[in-house]
Number of protein chains: 2
Amino acid sequence: MFIEERYQKIVELLKEKNSVRVSDLTEIFDVSESTIRRDLQDMEEKNMLKRTHGGAVSLSSRNFEPSFKEKETSRHSDKVRIAKVAAKLVGDGDSIIIDSGTTTLELAKALNAKNITVITNSIDIATILWEKEDMEIILTGGTLRKNTRSMVGQLSENSLRNFKVDKVFLGTNGITLKDGLTTPNLTEAITKRTMMESGDKVYVLSDPSKFGVVNFAVIENLKQIDAIITTDEVEKQILDEFQNFGVRIITS
Amino acid sequence: MFIEERYQKIVELLKEKNSVRVSDLTEIFDVSESTIRRDLQDMEEKNMLKRTHGGAVSLSSRNFEPSFKEKETSRHSDKVRIAKVAAKLVGDGDSIIIDSGTTTLELAKALNAKNITVITNSIDIATILWEKEDMEIILTGGTLRKNTRSMVGQLSENSLRNFKVDKVFLGTNGITLKDGLTTPNLTEAITKRTMMESGDKVYVLSDPSKFGVVNFAVIENLKQIDAIITTDEVEKQILDEFQNFGVRIITS
DNA sequence: TCGTTTTTGCTTATTTATGATTGTATTACG
DNA sequence: CGTAATACAATCATAAATAAGCAAAAACGA
């Protein structure tokens with residue numbers, strides 16, 4: 001078996017399982033650990049995978065597929081449900097803004113409208129959309145915030161001011177009646193606010209854990225929002241309060 | 001049996017088995033190893049297969065897209081060498097622009113100056129730099145060009161005009177004395193030109209295969225360039241011509 | 001026919017792929 | 001928090017595969 005064939009096979013294995021172990025690969029190919037390590041090193045240089053202690057993971061899985069643990073802890077299934085509802089709001093030919101965030105990332109995956117224009121400040125969302133056909137993708141630019149992999153700051157806001165889109169899909173870290181939408185980072189809050197100003201309709205995607213949470217930086221009060229998309233796990237009483245306040249609630 | 005017939009037969013074998021060994025082919029055709037190697041070398045140049053140590057594998061099964069990853073593997077070592085030289089030009093505290101491209105991607109990997117600011121229009125470069133410490137990363141924004149994974153267009157140029165950096169590192173698809181720097185896409189050419197205007201020093205990273213090549217869209221003539229970084233594989237005579245023209249050449 | 005070009009095989013020095021070994025780094029666990 | 005277990009990089013030796021140069025054979029054209 002040639003090196004090139006091993007590479008192919010490793011790529012295939014990564015597609016199936018998202019990760020491979022050095023020890024398994026030595027058995028599969030019947031070669032030494034040195035050889036496998038060299039293979040992985042080579043493949044990492046060629047951007048074919050990401051090495052880890054003990055083996056390697058596929059690049060896409062690293063960025064987009066939440067690991068097993070993450071899925072358990074961070075309400076992944078809620079986010080997928082919310083994203084599917086949000087995706088239905090996007091019609092063929094729409095232009096939309098998608099904010100960075102884990103829930104909005106799911107929205108990007110779920111999008112299936114034809115011929116749409118998407119503006120985003122998230123590198124991960126751009127990478128997801130990159131593989132879809134029939135779509136114009138515009139990135140806002142800006143300073144890269146490393147922990148959210150999003151572009152924020154003045155540059156980002158300047159770009160956003162060039163556009164008026166049909167719909168804006170925002171993520172948030174906290175949402176209450178009194179303080180509205182909040183997030184831990186001021187710069188990010190300002191970017192989100194600019195996004196709201198660039199859209200006709202503004203939707204907030206929020207899993208149940210965000211309700212009642214207040215963070216440092218206020219994005220905007222609820223009056224500017226057209227609807228909050230969440231799941232029916234949120235207590236009915238809380239949702240009613242929001243609706244009485246004039247905010248539309250869409251549950252999945 | 002004619003050479004062409006051997007070629008055909010090898011292609012057939014590759015379709016069946018996905019890989020062929022030099023040793024098997026010598027038996028099948030009853031010729032020497034030298035002959036088989038020459039055949040494979042020829043066929044690789046004609047993009048009929050991919051050589052490996054010991055034989056060859058078929059292209060189709062390997063990678064369905066000869067786009068980005070494929071480009072990366074061709075002349076990869078050249079690119080790494082060039083990138084290392086370029087990386088040395090970056091000093092602590094510098095602000096630089098890095099253009100999109102496979103060679104400049106290697107530069108991003110090789111960067112090791114402290115406390116620098118990097119402006120780029122490449123998602124892949126941003127992703128590489130994302131893991132490094134001590135670095136501010138600014139993305140230009142713009143429309144996503146799918147085959148180069150870069151941001152181009154008006155938005156990109158507007159962003160770039162906000163900055164004056166110490167050094168600009170550009171990729172190119174072709175470089176000649178007469179036509180200067182050229183690339184196949186007009187929009188991308190304009191973005192590159194804007195980058196040049198935003199920098200004090202402009203360096204072009206070019207592997208040897210780009211010399212003498214002219215593409216559709218002219219980026220800029222050579223007068224605007226401070227130096228071309230390449231390898232010593234380029235014929236001395238050609239490099240001399242460039243130097244006589246007033247362009248500094250840095251080889252690795 | 002003769003000189004030229006192409007194709008081929010052989011030889012040798014070089015490169016590549018691999019496994020083993022050793023000391024070091026990272027992770028897991030009590 | 002410290003220690004054992006595991007994984008790692010770096011280095012070396014070796015065998016296989018390769019590139020490059022040369023010479024012979026075959027094909028070709030005038």
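Note that the structure is a prediction, hence the values are computed from the model and not measured. Quick note on labels: first sequence line is chain A, next is B, and so on, each numbered from 1.
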(message) Assess, by modelled atom type and distance only, whether the side chains of T26(B) and S23(B) contain a donor and an acceptor separated by less than 3.5 Å.
(response) no

(message) Please evaluate residues D232(B) and R81(B) with respect to the criterion salt bridge (Lys or Arg N to Asp or Glu O under 4.0 Å), reporting the C-alpha separation (whole Å), side-chain torsions for both, the decisive distance (0.1 Å), and the verdict.
(response) CA-CA 11 Å; D232(B) 46 21; R81(B) 278 172 62 195; 3.3 Å; yes

(request) Measure from CZ on R21(B) to C1' on dT18(D) and round the result to the nearest Å. (result) 14 Å

(message) Quick one about S100(A) and S122(A) (side-chain donor to acceptor, distance below 3.5 Å, no hydrogens or angles considered), yes or no?
(response) no

(message) Distance check needed: dT15(C) P versus I3(A) CD1, whole Å only.
(response) 17 Å

Anything under 3.5 Å between a protein N or O and an N or O of nucleotides 19-21 of chain C, put it in a table, one pair a line.
{"from": "dG19(C)", "atom 1": "OP1", "to": "S32(A)", "atom 2": "N", "distance (Å)": "3.4"}
{"from": "dG19(C)", "atom 1": "OP2", "to": "S32(A)", "atom 2": "N", "distance (Å)": "2.7"}
{"from": "dG19(C)", "atom 1": "OP2", "to": "S32(A)", "atom 2": "OG", "distance (Å)": "2.7"}
{"from": "dG19(C)", "atom 1": "OP2", "to": "T35(A)", "atom 2": "OG1", "distance (Å)": "2.3"}
{"from": "dG19(C)", "atom 1": "N7", "to": "R38(A)", "atom 2": "NH2", "distance (Å)": "2.7"}
{"from": "dG19(C)", "atom 1": "O6", "to": "R38(A)", "atom 2": "NH1", "distance (Å)": "3.2"}
{"from": "dA20(C)", "atom 1": "N6", "to": "S34(A)", "atom 2": "OG", "distance (Å)": "3.2"}

(request) Take the protein atom CG of D42(A) and the nucleotide atom C1' of dA17(C), then report the distance between them rounded to whole Å. (result) 11 Å

(request) Using only side-chain N and O atoms of R51(B), determine if any of them is under 4.0 Å from OP1 or OP2 of dA19(D). (result) yes

(request) List the steps and the verdict of side-chain contact (heavy atoms from CB on, under 4.5 Å) for E106(A) and L205(A). (result) CA-CA 10 Å; E106(A) 295 301 325; L205(A) 280 60; over 6 Å; no

(message) Rounded to whole Å, please give me the gap between CE in M1(A) and P in dT16(C).
(response) 22 Å

(request) Indicate whether the side chain of K79(A) and that of T102(A) have a donor and an acceptor atom separated by less than 3.5 Å. (result) yes

Collect all protein-nucleotide pairs involving nucleotides 26-30 of chain C in which both atoms are nitrogen or oxygen and the distance is under 3.5 Å.
none

(request) Output the distance between atom OG (S156(A)) and atom CD (E188(A)), rounded to the nearest 0.5 Å. (result) 9.5 Å

(message) If the test is side-chain contact (heavy atoms from CB on, under 4.5 Å), which one of D207(B), I250(B), I249(B) qualifies with T230(B)?
(response) I249(B)

(request) Could you tell me the separation between the CG atom of L25(B) and the P atom of dT18(D), rounded to a whole number of Å? (result) 11 Å

(message) Closest-nucleotide mapping onto DNA chain C: is F2(B) or T52(B) further toward the 5' terminus? I mean the 5' end.
(response) F2(B)

(request) Answer with yes or no whether the side chains of N215(A) and T183(A) bring together a donor and an acceptor at under 3.5 Å. (result) no

(message) Do M43(A) and V11(A) make a side-chain contact, defined as non-hydrogen atoms from C-beta onward lying under 4.5 Å apart?
(response) yes

(request) Mind running a 4.0 Å heavy-atom check of residues 4-13 of chain B against DNA chain C and sending the residues that fall below it, in number order? (result) R6(B)

(message) In the structure I gave you, are the side-chain heavy atoms of D24(A) and L13(A) within less than 4.5 Å of one another anywhere?
(response) no

(request) Specify the separation, in whole Å, of atom CZ of R37(B) and atom P of dT15(C). (result) 16 Å

(message) Check this for me: does any side-chain nitrogen of one of D39(B) and K9(B) sit under 4.0 Å from a carboxylate oxygen of the other?
(response) no

